[in-house]
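I have placed the structure first, in the form of structure tokens, so that the comments after it can refer back to it.
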Protein chains: 2
Amino acid sequence: MDNKELFHQAVSFITAVHQVTFDMTKDFELGDITPVQYGMLEYIAVSQPVTLSEISECKHISMPNTSRELKKLTDRGLCEKFDAPEDKRKQYIRLSAVGQSFMNAAFAHMEKEFQYRLRHSTEADLKRIAEAMQVLQESLFQEGFKSGGA
Amino acid sequence: MDNKELFHQAVSFITAVHQVTFDMTKDFELGDITPVQYGMLEYIAVSQPVTLSEISECKHISMPNTSRELKKLTDRGLCEKFDAPEDKRKQYIRLSAVGQSFMNAAFAHMEKEFQYRLRHSTEADLKRIAEAMQVLQESLFQEGFKSGGA
DNA sequence: TAAGTTAGTTGTCAAATGATAATTATTAAA
DNA sequence: TTTAATAATTATCATTTGACAACTAACTTA
């Protein structure tokens, strides 16, 4: 197996994933929520409850900017903060009922596009897809380890 | 196979791909090239020669903004325009020698991170990874078709 | 308890990006 | 041959995003 060739394949693959992800989400109406704010909401939805620091680190947004954007979201009633019992400096963030239903709609939209793409897939196809994702997520796209590291 | 469950797996997978892609590229020194400009260069590198319209459509940047950002890149000597012989309105864009070596460095950096992630993989592993990417790119992450369509 | 560290906030500034209108030149269609 | 459509440019403006400094409060460690 030529590693160089595998790398080229990976570049093409990653490009396709980005492209398809964009296509699957692009016609969901964000209203006056900005892309960065939506990214934060998505992260909160999946990982709630989360702290501000966690959002900041995972979404690669500085603490001041995270704080600012999150404030806009809470002001709009999309998420809620509550004090961490174990550490009074910390605040946990979760979606409000409104925020939850907004994100439910977003995910429903994504899932519709997703199911459309798989409309002609057989049971065997779906199984192969699930296995393929698992293979990649356990190797190339495994998270939580660094190379050079800063 | 539960489609709902597969969707959740896909969300997790896509998140991992985005995360790892970011990690693999983040410590490459962009100098004073902005992220959007880098995205354009990457697209040109892979698909050259390309027209302005193609960049605009594929990178989802309006024509005026594409034109503006591309002008900055050509002014810096990173890419070159040349007239399309078949249509005098069109201009093809390709990387200059300088732009080419910049992108070579960028890809080399990515590849280094890539190979590091696969450093413990056996021949059999690499084969499974290649096959997995192929499976997904032929199904879920197939490009060039739309659902609702605008 | 003093000093240092962590979590988060507020304010301000500059740069990057997105959006729109108006324009030229060229090609395609009626 | 007028008309409409396409490819690209320029100019302008508003918004978004990123970066930095200064700050408070709470926690940790020596």
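To find a chain, count down the sequence lines: A is the first, B the second, and so on, and within it residues start at 1.
Applying the 4.0 Å criterion to OP1 and OP2 of dA7(C), one finds that Ser67(A) has every side-chain N and O outside that range. Lys72(A) has no side-chain polar atom (N or O) that falls below the 4.0 Å cut-off from OP1 or OP2 of dT10(C). Contact check, Thr66(B) against dA8(D): no side-chain N or O comes under 4.0 Å of OP1 or OP2. At dT17(C), one or more side-chain N or O atoms of Thr34(B) fall inside 4.0 Å of OP1 or OP2 (strictly under the cut-off). Taking side-chain N and O atoms only, Lys81(B) has a distance below 4.0 Å to OP1 or OP2 of dT9(D).
Each of Glu69(A) and Asp87(B) lies near DNA chain D, and the nucleotide nearest Asp87(B) is the one positioned closer to the 5' end. Residue-to-nucleotide proximity on DNA chain C shows that, of Lys71(A) and Lys90(A), the 5′-proximal contact is made by Lys90(A). Along DNA chain D, the nucleotide nearest Glu86(A) and the nucleotide nearest Ile61(A) are compared for position; the residue whose nucleotide lies closer to the 5' end is Ile61(A).
Backbone-only engagement by Pro35(A) is indicated by non-hydrogen atom pairs under 4.0 Å involving sugar-phosphate atoms exclusively.
Across dA7(C), dC20(D), dA8(D), the shortest atom-to-atom separation from the side chain of Pro64(A) is found for dC20(D).
Under a cutoff of 6.0 Å and an axis angle of 45°, Arg119(A) and Tyr116(A) form a cation-pi pair.
Taking atom CG on Leu30(A) and atom P on dT15(D), their separation rounds to 17 Å, with Å as the unit. Note: CE (Met63(A)) to P (dT5(C)) measures 17 Å, nearest angstrom.
Checked by distance alone, Asn65(B) brings a side-chain donor or acceptor within 3.5 Å of a matching partner on the base of dA19(C). Between the side chain of Arg68(B) and the base of dG18(C) there is at least one donor-acceptor pair of N/O atoms closer than 3.5 Å.
Under the 4.5 Å side-chain heavy-atom criterion for ILVMFWY residues, a single connected hydrophobic cluster contains both Val46(A) and Val20(B).
The shortest non-hydrogen separation linking Gln142(A) to Glu138(A) is OE1-O, 3.6 Å.
For the residue pair Glu5(B) / Gln9(B), no side-chain donor-acceptor distance below 3.5 Å is found, with atom types taken as modelled.
Between Phe102(B) and Leu30(B) the shortest side-chain heavy-atom distance falls below 4.5 Å.
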